[in-house]
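A short worksheet on the structure shown next.
Chain letters run A, B, ... following the sequence lines, proteins first and then strands; every chain starts at 1.
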Protein chains: 2
Amino acid sequence: MAKSATASEAKTATKTGGKTSRTRLDDETAQQQILSAADRLFYERGVQAVGMDAIRDAAGVSLKRLYQLFPSKEHLIEAYLRHRDALWQSMLDEHVDARTDPRERILAVFDFLRDWSSQPDYRGCAFIRTFNELRAASPHIAEMATHHKDGFRAELVELAREAGADAPEQLADQLILLSEGAITRCAMAGSSAPATRAREAAAAILDATLN
Amino acid sequence: MAKSATASEAKTATKTGGKTSRTRLDDETAQQQILSAADRLFYERGVQAVGMDAIRDAAGVSLKRLYQLFPSKEHLIEAYLRHRDALWQSMLDEHVDARTDPRERILAVFDFLRDWSSQPDYRGCAFIRTFNELRAASPHIAEMATHHKDGFRAELVELAREAGADAPEQLADQLILLSEGAITRCAMAGSSAPATRAREAAAAILDATLN
DNA sequence: GTCTTTGGAGAACGTTCGTTCTCCGACGTC
DNA sequence: GACGTCGGAGAACGAACGTTCTCCAAAGAC
């Protein structure tokens with residue numbers, strides 16, 4: 001990671017000749033631009049529908065450089081999912097940690113889903129979609145998706161435990177169903193209303209479950 | 001549909017020459033075999049990952065005949081979704097109509113999901129998956145998927161109304177979240193347990209909602 | 001200045017896919 | 001048997017894709 005930080009630096013645009021040669025970026029910046037472009041395109045259209053050429057164009061780098069930093073499309077998809085996982089974690093934590101009351105912290109999950117699904121470029125869960133696209137072709141990537149869902153479930157179990165649920169795992173499983181349902185239906189309906197319905201249903205379940 | 005029933009009939013296998021020429025099928029049989037093969041492959045791997053050649057091989061017809069009966073892959077995908085819609089309707093109705101008590105009829109939806117997701121070739125909802133794969137490329141097919149979901153919602157609203165719910169649409173929206181969540185999580189987890197959890201959560205919601 | 005290295009731009013390669021075309025054997029009719 | 005028709009098998013075609021290679025301008029070292 002901290003390799004070859006000596007020589008290569010960013011250059012300014014060189015338009016000495018007739019053509020406009022593109023700016024030379026350091027590895028970190030190029031990686032970020034590629035990942036940002038891949039994230040946007042993969043998430044909008046699905047991983048199979050986006051070619052490496054489209055990512056090169058959107059990132060503004062050469063194919064050569066793209067393959068230097070990400071040796072194959074599969075590597076890029078993995079980086080995309082890791083990035084989405086970090087994004088999900090930070091957005092979720094931001095909402096949950098804004099609350100202190102255990103019951104409110106659970107409901108904050110659904111506030112997060114409402115906010116997230118309100119974004120105009122919202123397209124549902126990247127992990128479910130990539131899982132469905134690649135489960136037959138790439139077991140490794142499919143496993144990354146299930147691992148993400150395992151993490152989400154563990155977080156819900158912990159929140160349920162903090163709320164003093166008698167059966168935190170069972171409560172978490174019910175909440176996860178509402179979450180997944182909301183994520184999917186918000187994407188298909190193009191509306192965040194299902195997330196609001198999910199919050200109401202979750203509140204009803206909490207009322208019935210917590211003492 | 002009842003066209004050209006006069007001349008063409010099925011032939012027996014002709015192995016007069018050195019090669020074994022394939023049996024000539026009438027249009028209806030060929031269409032069924034193609035649709036059956038397409039359904040199996042599309043549902044298992046996703047529509048983008050399955051080529052027309054694979055469907056030809058699995059259906060045992062020639063490409064020429066395939067394109068005579070289904071002029072393009074998009075036509076075949078449409079037929080696939082229509083077939084899945086009919087399958088869903090018949091499986092769902094079978095479970096719901098086996099009950100008479102309105103509350104039981106609602107819970108029968110989740111019994112259906114449990115049975116369906118127990119099948120070894122279960123891969124979740126064909127409509128959601130196809131929607132996610134093709135929403136950017138084919139708005140028409142995406143609309144078929146949303147139309148299917150609208151129909152499911154209407155059925156749940158009717159069941160909620162029959163059960164005497166004060167707000168049948170709101171109850172249906174909550175039940176749909178549990179259903180979609182169960183459909184998705186059963187597919188990712190490779191287990192029908194989420195459907196059972198969804199039934200329990202639905203029962204809790206019904207207890208809290210119905211008087 | 002000259003030489004070497006670097007990397008951008010994009011052509012090229014091999015494969016796959018959706019779709020169409022060609023070849024030729026088998027059958028119906030006379 | 002001769003001829004026309006039908007359709008199966010699979011080659012062919014053009015586009016798109018993932019990946020690699022070629023060419024050449026620009027920068028650095030001396």
Inset, instruction - Please state whether the base of C/dG18 and the side chain of B/Lys73 form at least one donor-acceptor pair under 3.5 Å? - result: no
Legend entry - Which nucleotide in D/dG8, D/dG18, C/dA9 has an atom nearest any side-chain atom of A/Met52: D/dG18
Inset, instruction - Tell me which nucleotide among D/dG8, C/dA9, D/dG18 gets nearest to the side chain of A/Tyr67. - result: D/dG18
Inset, instruction - Using atom CD of B/Gln48 as one end and atom P of D/dA16 as the other, report the distance to the nearest whole Å. - result: 15 Å
Inset, instruction - Whole angstrom is fine here: how far is it from CG in A/Leu69 over to P in D/dT19? - result: 15 Å
Inset, instruction - Specify the separation, in whole Å, of atom CZ of B/Phe70 and atom P of C/dG18. - result: 15 Å
Inset, instruction - From the options D/dT19, D/dG10, C/dA9, select the nucleotide whose nearest atom is closest to the side chain of B/Leu63. - result: D/dG10
Legend entry - Out of D/dG8, D/dT19, C/dT19, whichever nucleotide has its closest atom nearest the side chain of A/Asp53: D/dT19
Inset, instruction - Side chain of A/Arg56 only, please: which of C/dA9, C/dT19, C/dG10 is the nearest? - result: C/dG10
Inset, instruction - Can you figure out which of D/dG8, D/dT19, D/dT22 approaches the side chain of B/Arg65 most closely? - result: D/dG8
Legend entry - A/Glu133 CD to D/dC17 P, straight-line distance once rounded to whole Å: 14 Å
Inset, instruction - Output, in order, the C-alpha distance, side-chain angles, deciding distance and verdict of ring-ring contact (aromatic ring centres under 6.0 Å, His included) for B/Trp88 and B/Phe152. - result: CA-CA 10 Å; B/Trp88 162 278; B/Phe152 179 43; 5.0 Å; yes
Legend entry - A/His148 and A/Asp85 side chains, donor-acceptor separation under 3.5 Å: yes
Inset, instruction - May I have the distance from B/Leu66 (atom CG) to C/dT20 (atom P), rounded to whole angstrom? - result: 12 Å
Inset, instruction - Return the value, rounded to whole Å, for the distance between atom CD of B/Gln33 and atom P of D/dG8. - result: 12 Å
Legend entry - Smallest separation among heavy atoms of A/Asp121 and A/Tyr43, with atom names: O-CE2, 3.3 Å
Inset, instruction - Locate the shortest heavy-atom distance separating A/Thr146 from A/Glu143; write the atom from each residue and the value. - result: OG1-O, 2.8 Å
Legend entry - Selection from C/dG8, C/dT19, D/dT19 that lies nearest to any side-chain heavy atom of A/Ser62: C/dG8
Inset, instruction - Using the closest heavy atom to pick a nucleotide of DNA chain D for each, name whichever of A/Ala49 or A/Lys64 lands nearer the 5' end. - result: A/Ala49
Inset, instruction - Answer yes when B/Asp150 and B/Arg153 have at least one side-chain N-carboxylate O distance shorter than 4.0 Å, and no when they do not. - result: no
Legend entry - Spacing of A/Gln68 atom CD relative to C/dG8 atom C1', expressed in whole Å: 11 Å
